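What follows is one structure encoded as structure tokens, with my remarks underneath.
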Amino acid sequence: MLRVFNDKTNKWEKINFSVSEKVRGGSDDSTISFILVQKSPTFPGCETGDKDCFSKMVQKHFSENFNNELPNTLGLETGKKRVFIAFDINKEGNLVNVKVRAPHKNIKEEVIRVMSTLPIMTPGEHNGKTIGVKYSIPVVIMVK
């Protein structure tokens with residue numbers, strides 16, 4: 001069972017998969033889930049292929065660059081709000097295909113702005129080949 005973001009329905013879905021379905025797409029544009037990739041993309045400053053460091057650095061980048069005051073100006077109810085972010089790191093190490101589900105369009109735009117400032121990374125590898133990697137992250141923001 002794998003949880004993926006469906007671009008067509010704009011929702012997270014659970015899917016079953018077999019070994020032959022782990023890598024999707026053709027040889028030129030294939031991508032694989034971050035969970036399944038043998039060597040994850042490398043965030044600058046991390047050890048090569050360190051998945052934990054990659055995740056921590058993406059979260060750190062988000063928390064340091066997201067305008068935390070924005071949600072308070074949008075008329076949303078106070079409390080915790082969940083934001084879901086999905087993106088790919090392509091074969092060149094660039095962030096592409098950013099998808100965001102947020103409680104307000106201005107938050108969505110801010111998340112896209114923040115994520116688009118991620119640095120170029122060393123791309124992931126699977127079975128000895130450079131490959132695009134799909135990554136998703138849930139984030140909780142506070143509305144005061």
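Remember, it's a predicted structure, so these values are computed and weren't measured experimentally.
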- Message: Within 45 degrees of the ring normal and closer than 6.0 Å to the centroid, is that where the cationic atom of Lys51 sits relative to Phe34?
- Response: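 Lys51 over Phe34 ring: yes.
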
Hey, could you give me the [atom1]/[atom2] distance between [X] and [Y], rounded to the nearest 0.5 Å?
{"X": "Leu36", "Y": "Lys134", "atom1": "CG", "atom2": "NZ", "answer": "12.0 Å"}
{"X": "Leu70", "Y": "Glu109", "atom1": "CG", "atom2": "CD", "answer": "9.5 Å"}
{"X": "Lys81", "Y": "Leu74", "atom1": "NZ", "atom2": "CG", "answer": "11.0 Å"}
{"X": "Glu125", "Y": "Thr48", "atom1": "CD", "atom2": "OG1", "answer": "9.0 Å"}
{"X": "Asp52", "Y": "Met57", "atom1": "CG", "atom2": "CE", "answer": "13.0 Å"}

Identify the heavy atoms of [X] and [Y] that sit nearest to each other, and give their distance.
{"X": "Lys108", "Y": "Ala102", "value": "N-CB, 3.9 Å"}
{"X": "Glu110", "Y": "Asn65", "value": "OE2-O, 3.7 Å"}
{"X": "Val143", "Y": "Leu76", "value": "CG1-O, 3.6 Å"}
{"X": "Gln59", "Y": "Ile137", "value": "CG-CD1, 3.2 Å"}
{"X": "Asn90", "Y": "Pro123", "value": "O-CB, 3.6 Å"}
{"X": "Val98", "Y": "Leu95", "value": "CG2-CD2, 3.3 Å"}

Non-hydrogen side-chain atoms of [X] and [Y] separated by less than 4.5 Å:
{"X": "Val83", "Y": "Arg101", "answer": "no"}
{"X": "Gln38", "Y": "Asn127", "answer": "yes"}
{"X": "Val139", "Y": "Phe84", "answer": "no"}
{"X": "Val58", "Y": "Phe87", "answer": "yes"}

Check residues 39-47 and write down every donor-acceptor pair under 3.5 Å in which the side-chain atom is one partner and the other belongs to a residue at least two apart or another chain.
from	atom 1	to	atom 2	distance (Å)
Ser40	OG	Gly49	O	3.3
Thr42	OG1	Gly49	N	2.9

- Message: Ignoring hydrogens and geometry beyond distance, is a side-chain donor-acceptor pair present between Thr117 and His61 at under 3.5 Å?
- Response: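 Judged by distance alone, the side chains do pair up.
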
- Message: Just by distance, no angles: are the side chains of Ser55 and Tyr135 close enough, under 3.5 Å, to form a donor-acceptor pair?
- Response: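 Their side chains do contain a donor-acceptor pair, which is all the 3.5 Å distance test asks for.
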
- Task: Would you kindly confirm whether Met142 and Phe66 end up in one hydrophobic cluster when ILVMFWY residues are joined by side chain heavy atoms under 4.5 Å apart?
- Result: no

- Message: Please determine whether residues Val96 and Val37 belong to a single hydrophobic cluster, defined as Ile, Leu, Val, Met, Phe, Trp and Tyr linked transitively by side-chain heavy-atom distances below 4.5 Å.
- Response: no

- Message: Test side chain to side chain contact (heavy atoms under 4.5 Å, CB included) on Val133 and Asp88; report intermediate values, then the result.
- Response: CA-CA 5 Å; Val133 177; Asp88 298 348; over 6 Å; no

- Query: Is a side-chain donor or acceptor of Asn72 paired with a backbone partner of Lys144 at a separation under 3.5 angstrom?
  - Reply: yes

- Identify, with sequence neighbours excluded, every residue that meets side-chain contact (heavy atoms from CB on, under 4.5 Å) alongside Lys56. none

- Could you please spell out the steps behind the side chain to side chain contact (heavy atoms under 4.5 Å, CB included) verdict for Ile85 and Met115? CA-CA 9 Å; Ile85 309 165; Met115 299 311 289; 4.0 Å; yes

- Hey, mind stepping through Ile107 and Ile141 against side chain to side chain contact (heavy atoms under 4.5 Å, CB included) and telling me if it holds? CA-CA 10 Å; Ile107 294 173; Ile141 57 173; 3.7 Å; yes

- Task: Take atom CD1 of Ile120 as the centre, draw a 6.0 Å sphere, and report whether it contains more than 12 heavy atoms from other residues, nucleotides or ligands.
- Result: no

